[in-house]
Structure formats: structure tokens, C-alpha cells
Amino acid sequence: MKHFLKENDFSDDEILEVFDRASHLKQKRKQELANDLAGQTWGLLFYKNSTRTRVSFEVGINELGGKALVLDQKTTQIGRGESIHDTAQVLSRYLHGLIIRTYGHEIIEEFASHSDIPVVNALTDLLHPCQIYADCFSIAEKLGDSRDPFGSLAGKKLTFLGDTSCNMANSWILAGKLFGMKVSLAGPKGFAPKPDIHDLLINEGVDHDYQFTSDPKEAVADADIVYTDVWVSMGAEEEEESRIESMNPFAVTTELLSQAKSEALFMHCMPTHPGMEVSQEVLDSPKTIIFDQAENRLHMQKAILAKLASKSAT
Ligand code: CP
């Protein structure tokens with residue numbers, strides 16, 4: 001069974017196919033009805049809050065002719081301790097696919113290992129691959145050709161600032177390698193990438209060649225893309241005060257952004273916290289493409305689901 005749990009779960013040919021389809025779906029959204037998921041019901045099992053991911057998946061499933069069923073751990077028997085094995089087996093008898101947002105990556109891996117339907121990672125503490133595919137599509141759309149992520153992204157420098165041990169930083173390490181980008185991370189020493197991403201890269205046979213520094217100006221120099229994310233990830237609320245203090249030097253301000261290339265893009269997966277990880281001035285500047293990123297979640301996820309549905313039908 002084909003699942004999408006991490007950025008490199010699709011081959012290069014499949015990635016090209018998915019990006020091409022996302023581009024087509026975006027262009028023809030108002031003119032063409034798609035029916036890739038006709039007669040299908042896909043579950044959305046969310047252990048964590050979400051605006052973009054939940055809505056874009058639900059709308060996307062509807063637009064592909066399917067139905068979405070939103071579930072959470074509190075109102076299902078998962079909250080009362082039913083095993084992942086039994087839950088995955090039972091849901092496989094009802095649903096055609098399962099999209100999961102959860103905490104530990106091992107939870108989604110366990111679901112996938114016991115599911116007879118495709119499982120999609122809608123964010124774990126380790127990776128956020130749907131966001132990354134939509135972001136790569138957004139960069140390619142602005143700097144090249146959205147149907148050709150390899151040609152458009154190769155050699156581009158992406159600088160990620162702030163919590164460089166978070167799932168988005170991990171995903172950029174993996175995606176940067178996949179698309180031939182130069183990934184530069186800048187954050188406090190205590191928030192350098194953690195062994196779990198290195199273990200994953202080793203398991204996948206991917207060598208890591210990102211740069212890590214605690215000097216934000218050095219990291220941003222000559223960047224094509226400057227990226228940041230929330231400093232206090234879901235589940236890290238108890239560390240809020242200390243995180244804000246240590247990450248403050250890595251806030252994306254107009255002054256810091258001026259160190260990047262003059263045509264550099266500013267990106268953020270949202271939700272943003274103006275005045276913390278990014279200034280309002282940067283968010284209001286023409287360099288910012290955050291709403292394109294959010295929109296592209298819809299087109300890209302539709303293409304991913306259509307690809308998984310076609311693979312599970314064969
Ligand atoms: N970027 C992102 O995943 O947004 P949500 O948490 O709102 O889904």
C-alpha cells in the first residue's frame with residue numbers, strides 16, 4: 001500500500017506527476033470537475049488543532065468528488081485506549097484513505113503499517129510533508145515553473161530561522177536534499193536539529209549537508225528564500241517564555257531580510273505571530289508569499305490524494 005508519510009515517499013517521476021497535476025488543478029479549478037475520489041470517503045483524524053490543513057483537505061476531497069469524515073482522538077475510542085492496530089484495521093474496512101495529524105511520527109508509522117488504505121501525514125512532530133510540497137510548488141511558481149520543482153529549486157538557497165529543531169526545519173532538510181537546494185538553518189544552539197531527523201536521514205540513505213549557525217545574518221546572506229515558523233510549536237507551550245527569549249535574535253525583520261538577495265521571498269507556513277518570529281512590516285511587504293503557500297496546500301494535496309487513490313486502485 002502506498003502511503004505519504006515523508007517527502008521522499010514519492011519517486012522523482014511521481015513527484016513530477018504530482019506537481020504537474022497540482023498545477024493543472026490550480027489552473028482549471030473553476031472550469032473542470034475532477035472525479036478521482038468519486039464514491040470514496042477519506043477520514044481526517046486530527047489529534048491537534050488545524051485551520052489550513054483540515055479545511056484544505058476537506059475542500060480538496062469534496063472537489064475530487066469524494067466525501068471527508070472528520071475524526072479526532074477525543075470522541076473516538078482512541079481516547080479511551082483502543083489500539084492503533086485495531087483502529088487502523090477497522091477504519092480500513094470503512095474508508096478509502098486516512099489523513100492523520102498527530103504528535104510522534106511513530107504513531108503515523110504504526111497506523112500506516114496496519115492500514116490497508118493509503119495514509120497521509122498531515123503533520124507529525126517530525127515532519128510536515130504536505131506543507132513542504134505546497135511550499136516547493138509556491139517557490140517554483142514564483143522563481144521557475146511549478147510543474148518542474150527539480151529544475152526550479154536546484155541551487156536555490158533557503159534559510160530557515162528560529163526553532164531549527166521543529167518539524168518544518170526537519171522537512172526542509174529532507175526536501176532541500178530531494179530538490180537540490182542549499183538549506184541554511186539559524187537558531188539558538190539548544191535548538192539545532194535533533195538526532196531523530198539524522199536517524200531518519202540515515203535510515204533513508206540520505207546524507208545531510210545543511211548548514212547550521214547561530215548567526216542569523218550569516219545564514220540569511222544571499223538567500224533566495226527566507227523562512228520561519230512559530231517559535232512555540234503545539235505541545236511545547238510550557239517552554240513559551242524561554243523559547244521566546246532565546247529565539248528573539250532570529251526574528252525576521254526588514255533589516256535581517258535585507259541581507260538576503262534583493263528579490264528574496266519571505267515564507268511562513270502559518271499561523272504567524274507578528275512581532276515575534278516575524279515583523280508586521282515583513283508580513284506586509286511584497287516579498288511575502290504566505291497566502292499563496294496557504295492556497296497551494298489545496299491544489300497540492302488534491303494532487304497527492306489523486307495519486308494515492310490511483311496507486312491503491314492498481
Ligand atoms: N500550516 C499549517 O499546517 O496550518 P494549520 O496548523 O492551520 O493546519
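Every number for a ligand or one of its atoms is a count from 1 in the order of the listing. The figures here come from the full heavy-atom set of this structure, side chains too, leaving out hydrogens, waters and symmetry mates. Source: prediction; values computed, not measured.
Note: Y133 and F4 meet the aromatic proximity criterion, with ring centroids under 6.0 Å apart.
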Show me a pair-per-line table, with atom names and distances to 0.1 Å, of protein N or O atoms that are under 3.5 Å from an N or O of ligand 1.
{"from": "ligand 1", "atom 1": "1 (N)", "to": "Q131", "atom 2": "OE1", "distance (Å)": "3.0"}
{"from": "ligand 1", "atom 1": "1 (N)", "to": "C269", "atom 2": "O", "distance (Å)": "2.8"}
{"from": "ligand 1", "atom 1": "1 (N)", "to": "M270", "atom 2": "O", "distance (Å)": "3.0"}
{"from": "ligand 1", "atom 1": "3 (O)", "to": "T53", "atom 2": "OG1", "distance (Å)": "3.0"}
{"from": "ligand 1", "atom 1": "3 (O)", "to": "R101", "atom 2": "NH2", "distance (Å)": "2.9"}
{"from": "ligand 1", "atom 1": "3 (O)", "to": "H128", "atom 2": "NE2", "distance (Å)": "2.9"}
{"from": "ligand 1", "atom 1": "3 (O)", "to": "R297", "atom 2": "NH1", "distance (Å)": "3.3"}
{"from": "ligand 1", "atom 1": "4 (O)", "to": "R52", "atom 2": "NE", "distance (Å)": "2.9"}
{"from": "ligand 1", "atom 1": "6 (O)", "to": "R101", "atom 2": "NH1", "distance (Å)": "2.9"}
{"from": "ligand 1", "atom 1": "7 (O)", "to": "T51", "atom 2": "N", "distance (Å)": "2.7"}
{"from": "ligand 1", "atom 1": "7 (O)", "to": "R52", "atom 2": "N", "distance (Å)": "2.9"}
{"from": "ligand 1", "atom 1": "7 (O)", "to": "R52", "atom 2": "NE", "distance (Å)": "3.2"}
{"from": "ligand 1", "atom 1": "7 (O)", "to": "R52", "atom 2": "NH2", "distance (Å)": "3.0"}
{"from": "ligand 1", "atom 1": "8 (O)", "to": "S50", "atom 2": "OG", "distance (Å)": "2.6"}
{"from": "ligand 1", "atom 1": "8 (O)", "to": "T53", "atom 2": "N", "distance (Å)": "2.9"}
{"from": "ligand 1", "atom 1": "8 (O)", "to": "T53", "atom 2": "OG1", "distance (Å)": "2.6"}
{"from": "ligand 1", "atom 1": "8 (O)", "to": "R101", "atom 2": "NH1", "distance (Å)": "3.4"}
{"from": "ligand 1", "atom 1": "8 (O)", "to": "R101", "atom 2": "NH2", "distance (Å)": "3.2"}

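For K182 and D222, the salt-bridge test fails: no basic side-chain N is under 4.0 Å from an acidic carboxylate O. Of the charged side-chain nitrogens involved, at least one lies within less than 4.0 Å of a carboxylate oxygen, so that R243 and D163 count as a salt-bridged pair. At a threshold of 4.0 Å, the pair R29-E63 counts as salt-bridged, since one of the basic side-chain nitrogens sits closer than that to a carboxylate oxygen. Remark: D116 does not engage R93 in a salt bridge, criterion side-chain N to carboxylate O under 4.0 Å.
Aromatic ring orientation, Y210 versus H198: parallel (interplanar angle below 30°, classes split at 30° and 60°).
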